[in-house]
Amino acid sequence: MDYQFKEIEKKWQGFWAENQTFKAEQTSEKPKFYVLDMFPYPSGAGLHVGHPLGYIASDIFSRYKRLKGFNVLHPMGYDSFGLPAEQYAIQTGQHPALTTEQNISTYRRQLDQIGFSFDWSKEVRTSEPSYYKWTQWIFMQLFDAWYNQETDRAENISTLVEKFETSGTAGIKAAADEDVLSFDATEWAAMSAEAKQTELLKYRLTYLRESTVNWCAALGTVLANDEVIGGYSERGGHPVEQKKMMQWSMRISAYAERLLQGLNTVDFPEPVKEMQRNWIGKSVGASVKFPIENHAGHIEVFTTRVDTIYGVSFLVLAPEHELVAELTTPEQKEAVENYIAQTRKKSELDRMADTKTVSGAFTGSYVLNPVSGERVQLWIADYVLAGYGTGAVMGVPSGDQRDWLFATHFGLPIVQILDQQADLDKQADPTKEGQYINSGIINGMGYKEAIETLNKWLEVGKFGKAKINYRMRDAIFGRQRYWGEPIPVYFKEGIPYLIKEEELPLLLPEVDKYLPTETGEPPLGRATNWSYEQQYEYELSTMPGWAGSSWYWYRYMDSKNESAFASAEAIEYWQDVDLYIGGAEHATGHLLYSRFWNKFLKDLGYVKQEEPFKKLINQGMIQGRSNFVYRVMDENGKSTNTLVSHGLKNDYKTTALHVDVNIVDNEVLNIEKFKAFRPEFANAEFILENGKYICGVEVEKMSKSKFNVVNPDVLIENYGADTLRMYEMFLGPLEQSKPWNTNGIEGVFKFLRKFWRLFHNDAWAFQVSDVEPTKAELKALHKIIKKVQDDIERFSFNTSVSSFMIAVNELTDLKSNNKQVLQDMVIVLSAYAPHICEELWTLLGNEPGTLSYAAYPVFNPEYLVEDEISYPVSVNGKTRMNLSISSTMEAQEIEALVLANEQVQKYLDGKSPKKVIVVKGRIVNIVV
RNA sequence: GCUCAGAUGGUGGAACUGGUAGACACGCAGGACUUAAAAUCCUGUGACCUUAAAAGUCGUGCGGGUUCGAUUCCCGCUCUGAGUACCA
């Protein structure tokens, strides 16, 4: 029979599901391999052709690893809490659980028809109580923990309480809020229970605190920094403003250094590492206290160039700095207040966009330079950010361009501090070269020595010290939304307490509407009869989208466990994710949070590895490729009912209209289908070129409104899943972004048919021969065995597909139907095109379903050895001819042989060669 | 501005450690089969110049360098894409 992909694919998908072919063993003698795809959010639109790209790659890898004798865990599930379902619920009143369920079944149906080897027995959904029970449990562990910088790990809060009880805060080094109190053991003992809880909250790894947050009014919720892009929300693109609110936060900053160091141990794409490094934003410098003139206090600044301290000619505070009001003199009051009012009016966006204009106001106060004792003006300006460092900077105009502009604009002095600084009247010179001048105790020193000297001097005089600063802020954890995990906390006297562990999961209550209450409480405030022990209020915000996805790879290891998030045995066996494939958009969000929670769980001894993901691959984005038709306009600029082909459009005035890419084949418009697609053009005139209507092309985002969405269902219907899988890989390197173009899928389909034909005679009857394979057949086979193995190991899936085509072309030319050779071919190809291979595998007489666990053929290099090698011979670097020479011949003999050749002599034209280069097995080059 | 990635035929792309640039596929052209079309199969296909055939010249964004030899390594530049942006 001809290649009947529809029947074959349906049959084997059914077989795999029924027999649980891809169920991972819980324990095994085999080495483990964990292949994970990034958790999808099941959106209502279903899959387009770009989504499965990474899944196909990871599936090929999983299938390959099984053939190589590994026990493979390759699961799939859904990150099913999230905003879109809730927005839809607000519009329609439908419970988000319902729409989520529907979306998941669409997703599942689409995934199933591509033939993935997922172990569906391990499926998880973050919105299921049996799952979010453990998300809540992890939250409770974080609440019950503090970060001990002495031991450099998280510990249970009880070890902190013990320290307080024995010696108070003396000697405690913790990652904590800035406003922690100092006390001794007696004072601690004397504190009320509420006061103790308030104090402990400042140390917990998840804590409630008044913080400045990104408030998105349109979404009615706060957002984390990574969910805000350029002042707008990542989802929906709504404006975001700064607002002070009581908020749950995660003390991720405690892990800043470990998150940074861990990047050196993982195999991630360099851009992802770089983005995480930038996000963490480590800078090494010093904090310096500038005493305020006629005032008991001081201004603390952070600087990475403490060596430039003698060049300080002013100090700048952020307009929001807490000391601004107090330090503004009566004469300057008006100017300062005007300036603050003016800054407030500017949105965050304007402030970022306008980096050219220099602005600021003098407070009228002075501070004293601690090293020189010099009097320095204190200013405010909005280029200083309240949220970074101490919200104050020292202005060194000679070394910093921004300070230089500020000083020039306001007529402040510019002091040269290094003898090598040049052109200070034109711009700042940030050099570290040369020796210091005008610089008191560091005069004559170089950069390194100056830094050390000053740091020591500052520390001795208690004016400051060397300090490391991180840009990364703690992550806001609460969302004022409905469709998320409830936070397992209740309030007594305004203080948060955890519910009891045996009360988990804290179920999401039913509400009448998915909107905030009249008093502005989050939607959970609408729940009736929802309180802890009938009297205490529950926390009303829910967890953010990233909560459930920050630990899910552990749940896959043991997804049904009711007494732990995963058993210790499962974690001991599976350890970590060996290969993680997903989009680059999660570089700073999901991947940082997951690494953070993983490190935390490791500190508490629940997991084994410091890093959760050994190797990460970002698959490229598939862009849309839009097609256009061109409607002619008349002299008055009015649209006509005439459409002109792309090549002739410059002869007319036209408007471009999107046309559905599914009715365009190689840029040729199917006019009949077009008339049906746009009835208003049923009677349109078409100006053709060579009898065809050629469409224009542009690369855009794939979206419904641009009519460029290609649905995998359609391609599977026409060509089958095996063709789709191979074609997606054939498009190009996995990591490269590229526009989708269905042109060319025919080639892959033809290849599979040709492969099928190798096993069949002209009458389409299955027929293979049992004789010993020929040398040529073995050569073709072993070439592909090696090539596919090498390609998969370096994630170069596109080149494998080409090589398969070459192998099948070779075997077709050899008229091979050798059973031994073809059976090995089936195994090698099965990772890419599993359905057709399962079918041929059983036709060859093997037990159904055993292909997935067959052994990958062993490569034997002997079959590739050639007796004769065709040497390209070049003269002065230009290839002139090929000479067939025995492969055993040594360089000297080859040289003699080549020079004796008649044709070579012709090129030498009587001259004697200056030099002859012979690379054995490669090339001969003659220099004349 | 900064950081990173990239630029190869009409198109997607290949060339893995510096060794025959353009594999494989699409498209296109011609042919076979067919009453015809579709499907299938065969042949050709970087550009230029010329031809009966052969040969020749140029050619991996641009300019230079290293080398017997560069798509590959080095320096400078242009363009495209992504990320990031007053971070002290």
Side-chain angles (χ1 to χ4, degrees), chain A residues 229-230 269-275 277-279 281-283 285 301-306 308 316 318 351-358 381-385 387-396 399-403 405-406 469-472 584-585 587-588 618 620-621 623 665-668 697 699 727 730-733 735-748 750-751 753 787 790-791 794 796 798-809 870-882 913-919 921-928:
Chain A
I229 294 161
E270 202 47 50
V272 171
K273 290 197 199 182
E274 197 56 31
M275 277 160 82
R277 286 192 192 107
N278 287 338
W279 192 262
K282 179 180 184 176
S283 43
V301 303
F302 174 75
T303 176
T304 52
R305 290 295 302 272
V306 71
T308 64
V316 190
R351 246 173 104 163
M352 286 199 295
D354 181 21
T355 62
K356 297 257 149 51
T357 325
V358 178
D382 63 8
Y383 79 81
V384 178
L385 306 176
Y388 182 75
T390 57
V393 301
M394 55 185 219
V396 184
D400 182 295
Q401 183 58 20
R402 204 190 33 206
D403 294 344
L405 286 169
F406 195 84
N469 210 34
Y470 298 92
R471 189 164 77 105
M472 184 164 66
E585 65 274 18
T588 50
N618 289 132
M621 254 222 317
Q623 294 140 308
D665 184 27
N666 271 311
E667 323 322 341
V668 179
V697 179
V699 173
Y727 185 61
F730 188 57
L731 274 179
E735 300 194 62
Q736 200 168 296
S737 287
K738 57 230 154 195
W740 177 268
N741 190 345
T742 308
N743 298 344
I745 195 168
E746 291 275 352
V748 172
K750 276 193 235 168
F751 153 76
R753 210 161 157 250
K787 176 72 174 154
D790 291 351
D791 282 351
R794 65 191 171 103
S796 173
N798 56 323
T799 49
S800 286
V801 180
S802 303
S803 304
F804 279 127
M805 291 174 174
I806 294 169
V808 167
N809 287 345
S870 171
Y871 279 87
V873 178
S874 47
V875 179
N876 286 338
K878 278 198 184 98
T879 310
R880 294 301 181 178
M881 72 201 82
N882 283 297
K914 228 186 254 171
K915 198 174 173 187
V916 179
I917 292 115
V918 178
V919 183
R922 286 269 184 203
I923 199 169
V924 180
N925 189 16
I926 303 166
V927 186
V928 185

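Every chain is numbered from 1 and lettered A, B, ... according to where its sequence line falls, protein lines coming before strand lines. Side-chain atoms are counted along with the backbone in the values below, which use heavy atoms only and exclude waters and symmetry mates.
Comment: E270(A) engages R277(A) in a salt bridge, judged by a side-chain N to carboxylate O separation of less than 4.0 angstrom.
Proximity note for N809(A) (side chain, C-beta onward) versus U3(B), A25(B), C86(B): the nearest is A25(B). The listed nucleotides are C86(B), G69(B), U20(B); the one nearest the side chain of P872(A) is U20(B). Taking only side-chain atoms of R402(A), from C-beta outward, the nucleotide of C68(B), A88(B), U3(B) with the closest atom is A88(B). Side-chain atoms of M805(A) lie closest to A25(B) of the nucleotides C4(B), A25(B), A88(B). Proximity note for R471(A) (side chain, C-beta onward) versus A85(B), C41(B), U20(B): the nearest is A85(B).
Between F406(A) and Y383(A), the ring planes are perpendicular. Angles over 60° get that label, and only those under 30° would be called parallel.
Rounded to whole Å, the C1' atom of U50(B) lies 32 Å from the corresponding atom of A32(B).
Under a 3.5 Å cut-off, the side chain of N798(A) and the backbone N or O of F730(A) do not form any donor-acceptor pair. Using a distance-only test at 3.5 Å, with no hydrogens or angles considered, a donor-acceptor pair links the side chain of K738(A) to the main chain of P733(A).
With RNA chain B read from its 5' end, the first of the two nearest nucleotides for D403(A) and G747(A) is the one closest to G747(A). Residues Q623(A) and V801(A) each lie close to RNA chain B; by heavy-atom proximity, the contact nearer the 5' end of the strand is made by V801(A).
Between Y383(A) and A88(B) there is no side-chain polar atom (N or O) within less than 4.0 angstrom of OP1 or OP2.
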Summarise how protein sits on nucleotides 6-16 of chain B as a single string, 5' to 3': B when a protein heavy atom is under 4.0 Å from the base, S for sugar-phosphate-only contact, - for no contact. ------BSSSB

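The base of C68(B) is paired with the side chain of N925(A) by a donor and an acceptor separated by under 3.5 Å.
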